[in-house]
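The next block holds one structure in the form of structure tokens; read it before the comments.
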Amino acid sequence: MKSIYKVEKINILILEGLAIFFVMLVHAGTPNYIYAFFSYGLGSLVFARGYQWKKRDFKELLSSRILLVQTYYVAGFINTIIFLLIAPANVQKYPKYTYLMNFLLGRMDKLDQVAVNAIPTWFFLMLFFAEILFYFVEKSKFLLIFSIIGSFVFRIFAHEPLPFKIDAAIVALPFFWIGREWKKRNLSISIVDFMLATVGLILISQVNGDISWNNQWFGKSGIISFLGEVLAIVVIAFLSDLVKKLKIDKFFLRLSMNALFVISYHILLGSLIYVLINSLGVVISDVMVFLNKFWYIYFTLDLILVYLAITYLPSKVKVLLIGDLRRLLSKR
């Protein structure tokens with residue numbers, strides 16, 4: 001018997017918007033027990049790409065995804081320059097060329113040596129190379145299995161993150177396959193699945209700790225972290241359907257439709273809060289302590305700022321800020 005609490009077809013746009021919402025949440029200085037839980041959700045954005053995967057030639061794939069690289073370098077450069085111009089001396093602990101070089105090499109994992117507002121853009125570089133890799137390996141069962149095994153090797157063995165997020169791209173490959181197979185097999189999620197997945201993710205996140213593809217950190221166990229990320233997909237997919245049923249999906253759809261801009265600039269927009277506070281004569285000596293204490297206020301204000309930006313900024317400005325040269329130069 002069918003139930004209204006059973007997800008049989010995933011609305012990918014809502015899922016992506018919800019996942020971006022959670023990305024913003026973990027960047028709001030949330031307490032570790034909250035941060036750890038939501039840190040497992042990034043794989044859902046790659047799952048979404050696999051769910052939408054379609055056969056096409058390499059030229060078509062490259063043409064459709066090159067914007068990811070353009071956004072990384074344009075938005076990353078803008079964020080880095082702003083950071084170098086306005087960040088206080090006690091935050092900029094290294095020569096300016098260090099921040100620029102790490103940005104150019106995609107080494108956003110060097111957290112104290114990159115512009116903090118530019119860090120989220122690493123995802124675009126990773127996703128571009130991940131899609132290119134999956135295009136080739138999914139054509140061969142042997143290559144696909146080999147690449148998935150390789151992804152677990154990176155999870156299991158601690159290593160220095162590679163330039164251009166190549167290792168993160170390899171780690172992402174299983175989630176393309178899961179997304180593609182999920183759609184092919186028309187899998188569904190019941191409310192029992194959701195509840196079990198939520199409880200499982202809570203336990204894993206608290207025992208295994210937080211994870212980060214950017215830093216190639218997978219908690220105490222790379223295998224357990226993978227299981228947690230699969231459970232996170234179930235949780236987010238179910239919630240995206242619930243959001244639709246409750247008819248509160250418009251905001252999440254807006255986030256999804258402006259994904260490149262929101263991911264690129266939500267931290268920079270949030271920094272306007274510090275500018276306002278400082279203009280009132282209040283000096284924040286330790287930003288992280290401030291965030292940890294007032295994260296819920298910061299997150300709410302950041303959501304408002306992001307909403308205002310994606311709603312009222314002229315489309316040409318947003319296109320320019322994400323480096324979409326094709327749309328910028330079009331006459332339409």
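From a predicted model like this one, the values you see are computed outputs, not experimental measurements.
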Straight-line distance of Ile273 CD1 to Leu301 CG, nearest 0.5 Å: 4.5 Å

From OG1 (Thr311) to NZ (Lys318), nearest 0.5 Å: 7.0 Å

Mind checking whether Phe21 and Phe252 have parallel, tilted or perpendicular rings, split at 30° and 60°? perpendicular

Using a strict threshold of under 4.0 Å (side-chain N to carboxylate O), is an ion pair present between Lys9 and Asp241? no

Do Lys139 and Tyr135 meet the cation-pi criteria used here (NZ or CZ under 6.0 Å from the six-membered ring centre, within 45° of the axis)? yes

Go through the steps for Asp302 and His266 under the test side chain to side chain donor-acceptor pair (under 3.5 Å), then give the verdict. CA-CA 7 Å; Asp302 194 29; His266 69 274; 5.5 Å; no

Give, for atom OH of Tyr40 and atom CG of Leu231, the distance between the pair rounded to the nearest 0.5 Å. 10.0 Å

Does Lys55 come within less than 4.0 Å of Glu60, counting only side-chain N to carboxylate O? no

With the side chain counted from C-beta on, respond yes when Val46 and Trp213 share a heavy-atom pair under 4.5 Å apart, and no when they do not. yes

Residue of the set Phe226, Tyr51, Phe47 for which ring-ring contact (aromatic ring centres under 6.0 Å, His included) holds with Phe175: Phe226

Are the side chains of Asp210 and Asn32 in touch, meaning some heavy atoms are under 4.5 Å apart? yes

Verify whether one side chain among Asn79 and Asn117 offers a donor that lies under 3.5 Å from an acceptor in the other. yes

Between Lys110 and Glu160, is the closest basic N to carboxylate O distance under 4.0 Å? no

How does the hydrophobic cluster around Val199 look, that is, which other residues are in it when side-chain heavy atoms under 4.5 Å mark a link? Leu203

